[in-house]
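Every chain is numbered from 1, with letters handed out A, B, ... down the list of sequences. Model, not experiment: these values are computed from the prediction.
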Number of protein chains: 2
Amino acid sequence: MNRFVSTFTNKIDAKGRVSIPAPFRAVLERDGYAHGSVGGLYCYPSLDAPALDAGGERLAKKIDGLLSGLPDYSDERDELSVALYGDVQVLGLDGDGRISLPESLRAHAGLTTQVTFVGLGDKFQMWEPGRFAKRRERAREKVQHTRKLFSAGNRHSSPEEGGDEGARG
Amino acid sequence: MNRFVSTFTNKIDAKGRVSIPAPFRAVLERDGYAHGSVGGLYCYPSLDAPALDAGGERLAKKIDGLLSGLPDYSDERDELSVALYGDVQVLGLDGDGRISLPESLRAHAGLTTQVTFVGLGDKFQMWEPGRFAKRRERAREKVQHTRKLFSAGNRHSSPEEGGDEGARG
DNA sequence: GCTTTTCCCATGGCATCCCATATATGCCCA
DNA sequence: TGGGCATATATGGGATGCCATGGGAAAAGC
């Protein structure tokens, strides 16, 4: 497995440390994270959510790829560079697979005592558990709505239940 | 056979483990489940039913397919990602073909002592047996209704009825 | 010198692995 | 054709290893 999937919720301890879920660490290592030495977890505030985005080398390369598509010295590129790179922190994992989150990052996501890690394939996000619950609810509603558009006309199921022929997958 | 069909009911033991019905395991293995090692069963709350959806690699790829149409780092993609990936748990099968269900998933489906596995082709669902019985009853009524609409001439059954029979255990 | 960060170790809970058993299924042979 | 054996499957329990978490000590920064 080399994608981030599943969600996990871990504690922030008194020193501000959080364990990266073991499955995510495994993905990071496969992705080129030098175990025990430097290398790192690329982490930055999500552009459109009170959360943090994070990932390994692959994520960094993807960002590079996005930028390389834009002409040098264009306003667009400058803005995107700032947005994407400006707030990036490279966090080091300690021997036990933990990171410590800088105050600026913690503030952006409203993190206090717990962190919910959400796998999103190439990257993962870190949320304050309560906020994530709300966000997820919203996202689910949206998907339901989209699904109904997809399936309009070819299903007879009621909206509530029984519609197990889901286009969710 | 590489589709999930039939229904089976198995017990949840004291540790929260459930045996995946052997026929379903066979499908998962064909689908690319790395036996004995990592890899897994992708599992998430059904969008519109008090049940869990689950499947193997094929299901995961289907989800990826939905996202691949959207540009990276768009708001739309992030939101959809959260909805599709955010709820997904990757469950590992132990040597005896069992999974252990996290509390969050169990809660969504109201699972306590037993699980009814319902094959749906590319994926399968996990239901609390009582709830599934009710839902099936409703489905039957609907089928009857649909048949009347079709009126005479169209004799073969509607999709709902195909795999429901054959409960065991 | 004091505070903050990093490293290392201890521990307890939980998940996984392994083995044992009972029940059902199919097959073989009488 | 029927009985019995062999295999597969589901389920239970014990043990072991991993992992998240906490705390202390050493190192680095102010």
TODO: Starting at atom CG of A/Asp94, determine the distance to atom P of D/dG23, rounded to an integer number of angstrom.
DONE: 16 Å
- [ ] Please confirm whether the backbone N or O of A/Asn2 pairs with a side-chain atom of A/Arg58, one donor and one acceptor, at under 3.5 Å?
- [x] yes
- [ ] Determine yes or no for a side-chain-to-main-chain donor-acceptor pair under 3.5 angstrom, with A/Asp31 supplying the side chain and A/Glu57 the backbone.
- [x] yes
Open item on the list: Is the shortest side-chain heavy-atom distance between B/Cys43 and B/Leu105 below 4.5 Å?
Closed with: yes
Task: ring-ring contact (aromatic ring centres under 6.0 Å, His included) partners of A/Tyr42, counting only residues at least two apart - done: none
- [ ] Mind checking B/Ile20 for me? I need base, sugar-phosphate or nothing, with any heavy atom below 4.0 Å counting as a touch.
- [x] sugar-phosphate
Could you pull out every donor-acceptor pair under 3.5 Å between side chains of residues 107-120 of chain A and any protein atom, sequence neighbours left out?
from	atom 1	to	atom 2	distance (Å)
A/His108	ND1	A/Ala51	O	3.2
A/Thr116	OG1	A/Thr9	OG1	3.0

TODO: Evaluate the salt bridge (Lys or Arg N to Asp or Glu O under 4.0 Å) criterion for residues B/Asp13 and B/Lys15: first the C-alpha distance (whole Å), next the side-chain angles of each, then the deciding distance (0.1 Å), finally the verdict.
DONE: CA-CA 5 Å; B/Asp13 71 13; B/Lys15 297 182 184 176; over 6 Å; no
Task: Verdict with reasoning, B/Asp122 to B/Arg3, per salt bridge (Lys or Arg N to Asp or Glu O under 4.0 Å) - done: CA-CA 6 Å; B/Asp122 281 342; B/Arg3 298 180 4 166; over 6 Å; no
Open item on the list: Expressed as a whole number of angstroms, how long is the span from B/Glu103:CD to C/dG13:C1'?
Closed with: 16 Å
TODO: Go through the steps to decide whether A/Arg136 and B/Asp87 satisfy the test salt bridge (Lys or Arg N to Asp or Glu O under 4.0 Å), and finish with yes or no.
DONE: CA-CA 8 Å; A/Arg136 176 169 61 181; B/Asp87 285 336; 2.9 Å; yes
- [ ] Specify whether B/Phe24 and B/Phe124 have parallel, tilted or perpendicular ring planes, treating 30° as the upper limit for parallel and 60° as the lower limit for perpendicular.
- [x] tilted
TODO: Write down the distance between CZ (A/Phe117) and C1' (D/dA20), rounded to a whole number of angstrom.
DONE: 11 Å
Task: Distance, nearest 0.5 Å, that separates CZ of B/Arg98 from CG of B/Leu91 - done: 14.5 Å
Task: Phosphate OP1/OP2 of C/dT16 contacted by B/Ser100 side-chain N/O (<4.0 Å) - done: yes
Contacts under 3.5 Å, N or O only, protein and nucleotides 21-24 of chain C:
none

Task: Global bending angle along the helix from C/dG1-D/dC30 to C/dA30-D/dT1, which compares the axes of five pairs at either end, to 10 degrees - done: 30°
- [ ] Quick one: closest heavy-atom pair of A/Lys11 and A/Val18, and the distance?
- [x] O-CG1, 3.6 Å
Open item on the list: Assess, by modelled atom type and distance only, whether the side chains of A/Ser19 and A/Asn10 contain a donor and an acceptor separated by less than 3.5 Å.
Closed with: no
Report all interatomic pairs (protein N or O, nucleotide N or O of nucleotides 12-16 of chain D) with separations under 3.5 Å.
from	atom 1	to	atom 2	distance (Å)
D/dG12	N7	B/Arg98	NH1	3.0
D/dG12	O6	B/Arg98	NH2	2.8
D/dG13	N7	B/Arg17	NH2	3.0
D/dG13	O6	B/Arg17	NH1	2.8
D/dG13	O6	B/Arg17	NH2	3.3
D/dG14	N7	B/Lys15	NZ	3.3
D/dG14	O6	B/Lys15	NZ	2.1

TODO: Pull out every residue in residues 105-113 of chain A that has a heavy atom closer than 4.0 Å to any atom of DNA chain C, ordered by number, or say none.
DONE: none
Open item on the list: I'd like to check A/Pro102 versus A/Gln89 (side-chain heavy atoms, cut-off strictly below 4.5 Å). Are they in contact?
Closed with: yes
Open item on the list: Nearest whole Å is fine: how far is C/dA15 P from B/Leu41 CG?
Closed with: 16 Å
Task: Nucleotide C/dT5, atom C1' - distance to CG of A/Leu93 in whole Å - done: 15 Å
